[in-house]
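See below for the structure under consideration.
Worth saying up front: this structure is predicted, and the values here are computed from it rather than measured. So you know, we letter chains A, B, ... as the sequences are listed, proteins then strands, and number each from 1. Atom set for the values below is all heavy atoms of this structure, side chains included, hydrogens, waters and symmetry mates excluded.
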2 protein chains.
Amino acid sequence: MDVQRLELLRELADRGSITAVALATHRTPSAVSQQLKVLEREAGLQLTQRHGRGLVLTDAGRALARSATDVAVSLAKATALWDEFRNNATGDVSLVTFPTAGQMLLPGVIKDLGPGLVLNCADEDPELSDFPALTAEYDIVLAHSISGQLSWAGRGLTVVPLMNKPLDVGLPVGHPLADRAWVRPSDLIGETWIGVSDGYPFERILHAIEQEAGAHLSMAQRFADLALIESFVIAGLGIALVPRYTSSGGQPGRLVLKPLRGVESQRQIVALMRPDRAERLAVRTVLGALRAQALQVQHSHTVK
Amino acid sequence: MDVQRLELLRELADRGSITAVALATHRTPSAVSQQLKVLEREAGLQLTQRHGRGLVLTDAGRALARSATDVAVSLAKATALWDEFRNNATGDVSLVTFPTAGQMLLPGVIKDLGPGLVLNCADEDPELSDFPALTAEYDIVLAHSISGQLSWAGRGLTVVPLMNKPLDVGLPVGHPLADRAWVRPSDLIGETWIGVSDGYPFERILHAIEQEAGAHLSMAQRFADLALIESFVIAGLGIALVPRYTSSGGQPGRLVLKPLRGVESQRQIVALMRPDRAERLAVRTVLGALRAQALQVQHSHTVK
DNA sequence: ATGAATTATTTAGACTAGCTACATGGACGT
DNA sequence: ACGTCCATGTAGCTAGTCTAAATAATTCAT
């Protein structure tokens, strides 16, 4: 059985339509259709089924597509192996990130990459996007997951943890808690809060604080934009949860960050990839640079 | 990179010459040579090297060939998967065995196989043959290994244990030890032995008995042929080591078998295969039949 | 030492498989 | 009902892979 045909079936499983596969593989839909037809004839069983004007995979088709992934992985491993022999981590790697992670990691990463390795970046709104679906378009998808929530591990995707993204409590200079080394939920009772909009991931942490402290937090404002929130905190209008590594780096000393203990506030940045793409040497190199950069970011903040 | 080309490289690693690969893959040597040349050009590094009038693989070539095996395995898994979907365990399976194992297992196995699955058997002298090399020619190679001796596990071959082949002590009817349930090495001191020719695997067991009993065994005769040995034992001219399941089945009651305790006399019949071929549904089916038959042989002897 | 045999490679030419371009046929939305 | 979107069918072209025959390099035997 031809590997190329299996690959087309896998793409079909990922993208859902023949035209999408054709577009992705630089072919005409006719070519794709023909090859899938040949594959079906060779397999001797129905792999696709018409559904409306599109088509869906049968059970057999899905199963075959899954095993096609294994083939793609071992093939990618083979090519990676000989790239290693040639010491040749070159090629194009495409990456998509949500803005804060990109701001934190990407500039440093791109500087670290040797010549011949081109990293092509884009950003997506984390609220609107379906991260797993993006792996069809991009080699690496930077996503965040509340630690423990590995919802997309089962989808057959490779997920590599890159760094923890702790949330701190942001205080104005001169706040009574500002000389503490860290704060607990019970310390925060009675404070005025600058909160985030409904549905944002921070909210879950705020609820956890309420639960732990056994009191209701008074929420003065609700903003979506982080810089806005910080400006309110700096102005002394309340305190807020802020990500440790992406808080206003420009104006140091005007915002005091305190680690929060007693609540699981660790969110995680992970790289999400198709298993086969994760094997490419160029991709693995970028991944290594991402980890290194993540370490450096963490280090530079703990030292300070 | 094309899988077919990788496959050719793997065949070259297994068979050692381009003409052999060409013969095995039903191509002309020219075609093979061309494809390998293309592969080398794509890889960008030397994979083969001339050595005399033939050629040998470079380190890179060997490494690539190894990873080509992984590709072949996942591909075989894919085709096996859809054979399972169609419930279609058909095709040709070739098998080579040493005579005693074949006599013991094959007739029953072939009867058990459904229509469409053709099992093609051959036999080889176990003393003369290089079992691992035979996996290039045959899908399944039945070999025996002293238990614990997994010399060919590292070679990248799949090895499936099928059954234990215990050695018993063969006694003539009416022998003093004939009413025992089992015998120990110390019981055997002073007996006259009918031994095997030098270099046969039984010899190692005989040495172990000597070691354990702390005495020298007097070896009256040395024969290679098992039937000959047995006829001597039956005639009361000595005792001998005989394989439990393949001793003269024709004349029951004329030879008494006693299990030997205190010495590791367990030899094992294993199936040796290339990893990719081991995945084929037809091959796995044959393997299952072999195990079933092995169980049945063991059972029929313990009951009796 | 020379000729015969074995092994890999080159070249040229034939064949085949897969692609594009265009046309056809259902299914959905307005 | 019409236009649109998607999959598929058909015809022809292209590119890649095979065979066949010739060449080159090395070993073996007499």
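- Around atom CZ of R15(B), more than 12 heavy atoms belonging to other residues, nucleotides or ligands sit under 6.0 Å away.
- The side chain of Q34(B) places no N or O atom within less than 4.0 Å of a non-bridging phosphate oxygen (OP1 or OP2) of dA8(C).
- Near DNA chain D, defined here as any heavy-atom distance below 4.0 Å, there are no residues from residues 8-18 of chain B.
- Residue S30(A) has no polar side-chain atom (N or O) positioned under 4.0 Å from OP1 or OP2 of dT20(C).
- In this structure, R50(A) places its CZ atom 10 Å from P of dC28(C), rounding to the nearest Å.
- L23(A) places its CG atom 12 Å from the P atom of dA7(D), with the value rounded to the nearest Å.
- Residue R53(B) places no side-chain N or O under 4.0 Å from the OP1 or OP2 atom of dT27(D).
- The NE2-C1' distance, from H26(B) to dT19(D), rounds to 16 Å in whole Å.
- Look at CZ on R27(B): it is 12 Å from C1' on dT19(D), rounded to the nearest Å.
- Judged by distance alone, the side chain of Q268(B) and the main-chain N or O of P161(B) form no donor-acceptor pair under 3.5 Å.
- When the side-chain nitrogen and oxygen atoms of K37(B) are compared with OP1 and OP2 of dT10(C), one or more of them lie within a distance under 4.0 Å.
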Verdict with supporting geometry, S30(B) and T28(B), side chain to side chain donor-acceptor pair (under 3.5 Å): CA-CA 5 Å; S30(B) 171; T28(B) 52; 4.8 Å; no

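- Contact record, A60(A) with L47(A): C-CD2, 4.3 Å, taken as the closest heavy-atom pair.
- Salt-bridge annotation for R274(A) and E11(A): present, with a side-chain N of the basic residue lying under 4.0 Å from a carboxylate O of the acidic one.
- Using a 4.0 Å cut-off between charged side-chain N and carboxylate O, K77(A) and D276(A) make no salt bridge.
- Heavy atoms of Q4(A) sit nowhere under 4.0 angstrom from any nucleic acid atom.
- The CE atom of M1(B) sits 13 Å away from the P atom of dG16(D) (whole-angstrom rounding).
- Side-chain N/O atoms of T19(A) include none lying less than 4.0 angstrom from OP1 or OP2 on dC5(D).
- Atom P of nucleotide dG9(D) and atom CD of E40(A) are separated by 10 Å, given to the nearest angstrom.
- Atoms CD (E42(A)) and C1' (dG18(C)) sit 13 Å apart, rounded to a whole Å.
- At a threshold of 4.0 angstrom between heavy atoms, the contacts of H51(B) with the nucleic acid are absent.
- The residue among G52(A) and D2(A) whose nearest nucleotide of DNA chain C is located toward the 5' end is D2(A).
- What separates CD of Q35(B) from C1' of dT9(C) is a distance of 14 Å, to the nearest Å.
- Taking side-chain N and O atoms only, R5(B) has a distance below 4.0 Å to OP1 or OP2 of dT17(D).
- Between F98(B) and F131(B), the ring planes are perpendicular. Angles over 60° get that label, and only those under 30° would be called parallel.
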